[in-house]
Engineer: 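The structure is given below, and queries will be raised subsequently.
Below, each value reflects all heavy atoms present in this structure, side chains not excepted, and no hydrogens, waters or symmetry copies.
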Amino acid sequence: MIGTDAPGAGQQRRIALGIEYDGTAYHGWQKQPHAPSVQETLSRAVSAVANEQVECIGAGRTDAGVHASGQVAHFDTGAERRRRSWLLGINSRLPPDINVLWVMPVAPEFHARFSARFRAYRYLLLNRPVRSALLRHRAWWVHAPLDAELMHSAAQTLIGTHDFSSFRAAACQAKTPVRTLTDMVVERRGDRIELRCRADAFLHHMVRNVVGSLVRVGLGVESPDWIAAVLEARNRRAAGPTAPAAGLTLTAAEYPAELLDMARVRVQE
């Protein structure tokens with residue numbers, strides 16, 4: 001049994017966590033009845049340190065094979081531990097492909113999913129004639145030359161508040177397809193092309209469907225204006241293919257400072 005590190009055990013408190021993970025071996029973040037998930041694995045480790053059953057709620061429900069460098073989660077517990085004890089204790093019970101980066105007590109009204117104002121993702125493309133053994137679980141290999149500047153130009157059409165039905169998976173359970181995309185940048189760095197985007201929320205497969213469509217522009221199959229037509233169509237069949245999960249990483253979830261002050265987190269890490 002793990003004892004308390006401070007007085008006051010028994011009173012319910014809410015704790016937030018910053019998490020990174022390699023999603024290759026998992027069937028996404030969300031707990032699944034017959035497949036491994038990041039949520040279940042993390043919750044099991046936290047429960048062991050808390051000496052009670054807890055469930056971790058995440059900011060983003062990443063798909064199977066999708067990674068995270070800036071996932072945020074919260075859990076409620078009656079256990080009292082120092083932040084360092086939570087951090088070291090949880091990490092010692094996690095497999096090498098999941099890691100807690102920081103721990104922060106938060107107000108009861110904080111909710112990792114519903115309090116998030118924005119989320120950010122990065123998608124990595126490897127654009128060269130030969131594949132990579134090292135990036136096979138980190139990037140989508142496209143062997144034909146891609147024009148990253150054209151892809152960036154086309155992507156600017158998507159910035160703003162729109163109905164993103166054309167980039168929405170058929171299984172998406174969101175109540176509305178309307179989302180506000182604040183940033184989308186496509187940049188080439190050598191043989192790698194990186195897409196970075198930020199929105200208030202994302203639909204199921206939204207980023208991967210956007211990337212699949214932008215690749216068609218980059219290959220010269222479609223013109224940059226085609227992306228605007230796809231958006232206007234509000235029909236998934238009008239867009240390009242769904243990009244592989246391996247290239248996608250959840251990089252950040254952003255919250256009001258009064259609920260989760262990231263500056264304070266960095267100072268106290």
Engineer: Does a donor on one side chain and an acceptor on the other come within less than 3.5 Å for D63 and H205?
Structural biologist: yes
Engineer: Is the closest side-chain donor-acceptor distance between E52 and T77 under 3.5 Å?
Structural biologist: yes
Engineer: How long is the gap from CG on N209 to OG on S166, to the nearest 0.5 Å?
Structural biologist: 9.5 Å
Engineer: Distance from L87 atom CG to L17 atom CG, nearest 0.5 Å?
Structural biologist: 9.0 Å
Engineer: So that I can tick it off, tell me whether R234 and E232 are bridged by a salt bridge, with the cut-off set at under 4.0 angstrom between side-chain N and carboxylate O.
Structural biologist: no
Engineer: Does L124 share a hydrophobic cluster with V142, counting links as ILVMFWY side-chain heavy atoms below 4.5 Å and allowing steps through other members?
Structural biologist: no
Engineer: Carefully, step by step, assess R208 and V211 under the rule side chain to side chain contact (heavy atoms under 4.5 Å, CB included).
Structural biologist: CA-CA 5 Å; R208 292 167 59 191; V211 172; 5.7 Å; no
Engineer: Shortest non-hydrogen contact from I19 to L42?
Structural biologist: CD1-CD2, 3.7 Å
Engineer: Test of understanding: with side-chain hydrogen bond (donor to acceptor under 3.5 Å, both in side chains), list the residues that count as partners of R84, not counting sequence neighbours.
Structural biologist: none
Engineer: Would you kindly say whether Y21 and Q71 are connected by a side-chain donor-acceptor distance under 3.5 Å?
Structural biologist: yes
Engineer: Linking I/L/V/M/F/W/Y whenever their side-chain heavy atoms sit closer than 4.5 Å, directly or via other members, would V221 and W140 fall into one cluster?
Structural biologist: yes
Engineer: Which residue pairs satisfy the side-chain hydrogen bond (donor to acceptor under 3.5 Å, both in side chains) criterion with at least one member in residues 103-115, sequence neighbours excluded?
Structural biologist: none
Engineer: Measure the spacing between CE of M184 and CE of M151 and express it to the nearest 0.5 Å.
Structural biologist: 10.0 Å
Engineer: I want to check something: taking the side chain as every heavy atom from C-beta on, are K31 and S37 in contact at a cut-off of under 4.5 Å?
Structural biologist: yes
Engineer: Should I193 and L150 be counted in the same cluster of Ile, Leu, Val, Met, Phe, Trp and Tyr side chains packed under 4.5 Å apart?
Structural biologist: yes
Engineer: Using the rule that Ile, Leu, Val, Met, Phe, Trp and Tyr join whenever any side-chain heavy atoms are under 4.5 Å apart, tell me whether L126 and L214 fall into a single cluster.
Structural biologist: no
Engineer: Given the side-chain rings of F110 and Y255, with only the six-membered ring counted for Trp, is the space between their centroids under 6.0 Å?
Structural biologist: yes
Engineer: Do V217 and L219 touch side chain to side chain, with heavy atoms closer than 4.5 Å?
Structural biologist: no
Engineer: Is there a path of hydrophobic side-chain contacts, each under 4.5 Å between heavy atoms of I/L/V/M/F/W/Y residues, joining L101 to L260?
Structural biologist: yes
Engineer: Quick one, L259 and V106 - any side-chain contact, counting heavy atoms below 4.5 Å?
Structural biologist: no
Engineer: So S69 and L250, do their side chains get closer than 4.5 Å, heavy atoms only?
Structural biologist: no
Engineer: Give me the atom names and distance for the closest heavy-atom approach of A50 to W86.
Structural biologist: CB-CH2, 3.8 Å
Engineer: Any side-chain to backbone donor/acceptor pair from R128 onto R131? Under 3.5 Å, distance only.
Structural biologist: yes
Engineer: Please identify each residue that fulfils ring pair (Phe, Tyr, Trp, His ring centres under 6.0 Å) with H152, with sequence neighbours left out.
Structural biologist: none
Engineer: Measuring from T251:OG1 to R198:CZ, what's the distance to the nearest 0.5 Å?
Structural biologist: 10.5 Å
Engineer: Would you check if M104 and I15 make a side-chain contact, meaning some heavy-atom pair closer than 4.5 Å?
Structural biologist: no
Engineer: Show the nearest heavy-atom pair for residues L203 and P177, with the distance to one decimal.
Structural biologist: CD1-O, 3.6 Å
Engineer: Is there a side chain to side chain contact (heavy atoms under 4.5 Å, CB included) between L158 and L231? Walk through the geometry before answering.
Structural biologist: CA-CA 8 Å; L158 302 175; L231 181 65; 4.1 Å; yes
Engineer: Salt bridge (Lys or Arg N to Asp or Glu O under 4.0 Å) for R216 and E222? Distances and angles first, verdict last.
Structural biologist: CA-CA 6 Å; R216 290 181 63 81; E222 305 287 354; 3.1 Å; yes
Engineer: Are the side chain of S47 and the backbone of S43 linked by a donor-acceptor contact shorter than 3.5 Å?
Structural biologist: yes
Engineer: Judged by atom type as modelled, is there a donor-acceptor pair below 3.5 Å linking the side chain of W141 to the main-chain atoms of N127?
Structural biologist: no
Engineer: With a sphere of 6.0 Å drawn around CD of Q173, does it hold more than 12 non-hydrogen atoms of other residues, nucleotides or ligands?
Structural biologist: no
Engineer: Holding to side-chain hydrogen bond (donor to acceptor under 3.5 Å, both in side chains), I want the full list of residues that pass it with S223, two or more places apart in sequence or in another chain.
Structural biologist: none
Engineer: May I ask you to check whether over 12 heavy atoms, not counting those of Q32, lie within 6.0 Å of atom CD?
Structural biologist: yes
Engineer: Side chains of V100 and E20: does their closest heavy-atom pair fall under 4.5 Å?
Structural biologist: no
Engineer: Keeping the roles fixed (side chain from H67, backbone from G23), state whether a donor-acceptor pair exists under 3.5 Å.
Structural biologist: yes
Engineer: Is there side-chain contact between T62 and V38, with heavy atoms separated by less than 4.5 Å?
Structural biologist: no
Engineer: How many angstroms lie between atom CG of L248 and atom CG of L195, to the nearest 0.5 angstrom?
Structural biologist: 9.5 Å
Engineer: With distance as the sole criterion, is a donor-acceptor pair present between the side chains of R236 and T242 under 3.5 Å?
Structural biologist: yes
Engineer: Pair E80, R13 - check salt bridge (Lys or Arg N to Asp or Glu O under 4.0 Å), show working.
Structural biologist: CA-CA 9 Å; E80 179 77 20; R13 55 187 56 80; 2.8 Å; yes
Engineer: Ignoring hydrogens, what is the shortest heavy-atom contact between T161 and T180? Give both atom names and the distance.
Structural biologist: OG1-OG1, 2.7 Å
Engineer: To the nearest 0.5 Å, tell me how far T41 OG1 sits from W29 CH2.
Structural biologist: 9.5 Å
Engineer: Treating R14 as the side-chain partner and P108 as the backbone partner, does any N or O pair qualify as donor plus acceptor under 3.5 Å?
Structural biologist: yes
Engineer: Assess the residue pair D200 and R119 against the criterion (salt bridge (Lys or Arg N to Asp or Glu O under 4.0 Å)); give the C-alpha distance rounded to whole Å, side-chain angles, the decisive distance to 0.1 Å, and a yes or no.
Structural biologist: CA-CA 6 Å; D200 56 349; R119 295 165 181 82; over 6 Å; no
Engineer: Sequence neighbours excluded, which residues qualify as ring pair (Phe, Tyr, Trp, His ring centres under 6.0 Å) partners of F164?
Structural biologist: H162
Engineer: Apply the test side chain to side chain contact (heavy atoms under 4.5 Å, CB included) to residues R196 and D183: give CA-CA distance (whole Å), side-chain angles for both, the deciding distance (0.1 Å), then the verdict.
Structural biologist: CA-CA 8 Å; R196 300 185 302 276; D183 302 276; over 6 Å; no
Engineer: With F202, which residues qualify under ring pair (Phe, Tyr, Trp, His ring centres under 6.0 Å), at least two apart?
Structural biologist: Y121
Engineer: Are any of the side-chain heavy atoms of Y26 and V66 separated by less than 4.5 Å?
Structural biologist: no
Engineer: State plainly whether the residues R192 and E194 are in salt-bridge range, i.e. N to O under 4.0 Å.
Structural biologist: no
Engineer: Could you walk me through whether S165 and N235 pass side chain to side chain contact (heavy atoms under 4.5 Å, CB included), step by step?
Structural biologist: CA-CA 6 Å; S165 293; N235 187 330; over 6 Å; no
Engineer: Check V49 against G89 and note the closest heavy-atom contact, atom names and distance.
Structural biologist: CG2-C, 3.4 Å
Engineer: State, to 0.1 Å, how close W226 and A238 come at their nearest heavy-atom pair, and which atoms those are.
Structural biologist: CZ2-O, 3.4 Å
